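Keep in mind the model is a prediction, meaning the values are calculated, not measured. The figures that follow rest on heavy atoms only: side chains count, while hydrogens, waters and symmetry mates do not.
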Amino acid sequence: TLSSVSCKTVMLWDVTEETPVEKCTLTGTIASWQDLDAETKELTAKVAVGGSGANDRTGHYIVTANRNMVYVWMAASDGQQQGEALACFLSPAVVEKVSCRGTSVVVSCGDGQVLFLKAPLLAAS
């Protein structure tokens, strides 16, 4: 999972453990990331093609951010959010990026904070 901050820094995280572990911090341009080990280079390829933004999708759910709020929505068959938000989280700062995998949601804030949220709701189908 990745997060980024407004100072053009990208942090790669392993969220498979109970406590997330920062794998790598990248700065500079994408072109400057070429001398990395194979595993990290593969992760950075996801950044190069866009990475995550103010919304992300996992399974039948869409996770979005608006200012300092993060919302979980059911996704319609066309991929659009449907109905009312199923859950919401208040961030301590304005959210720049969200990235999710399984029941983990990583929130990257404009002030440099990175939040790791567990959302068991995302496991439901």
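Under the rule for a side-chain contact (heavy atoms from CB on, under 4.5 Å), the partners of Asn66 that lie at least two apart in sequence or sit in another chain are Tyr71. Partners of Arg57 by side-chain contact (heavy atoms from CB on, under 4.5 Å), not counting sequence neighbours, listed by chain and number: Ile62, Ala75. Under the side-chain hydrogen bond (donor to acceptor under 3.5 Å, both in side chains) criterion, Thr64 pairs with Trp73, not counting sequence neighbours.
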- Task: Please test Asn68 against Leu90 for side chain to side chain contact (heavy atoms under 4.5 Å, CB included), starting from the C-alpha separation and ending with a verdict.
- Result: CA-CA 6 Å; Asn68 65 335; Leu90 177 64; 3.2 Å; yes
- Task: Take Leu122 and Val105 through the test side chain to side chain contact (heavy atoms under 4.5 Å, CB included) and record every step on the way to the result.
- Result: CA-CA 10 Å; Leu122 299 176; Val105 178; 3.7 Å; yes
For a side chain to side chain contact (heavy atoms under 4.5 Å, CB included) check, start with the C-alpha distance between Ser91 and Met69, then their side-chain angles and the critical distance, and finish with the verdict.
CA-CA 6 Å; Ser91 169; Met69 293 297 296; over 6 Å; no
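Under a hydrophobic-cluster definition in which Ile, Leu, Val, Met, Phe, Trp and Tyr are linked whenever side-chain heavy atoms come within less than 4.5 Å, directly or via other members, Val94 and Val114 are assigned to different clusters.
Side-chain contact check for Leu117 versus Val107: some heavy-atom pair is nearer than 4.5 Å. Using a 4.5 Å cut-off on side-chain heavy atoms (C-beta onward), Cys109 and Glu96 make no contact.
Once rounded to the nearest 0.5 Å, the distance linking CE of Met74 with CG of Leu121 reads 7.5 Å.
Nearest heavy atom pair, residue Thr58 against residue Gly102, reads OG1-N, 3.5 Å.
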For residues 79-88, which side-chain donor-acceptor pairs fall under 3.5 Å, sequence neighbours excluded?
none

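Between the side chain of Asp56 and the backbone N or O of Cys100 there is at least one donor-acceptor pair closer than 3.5 Å.
For the side-chain contact (heavy atoms from CB on, under 4.5 Å) criterion with Phe89, the lone passing option out of Val72, Val95, Leu115 is Val72.
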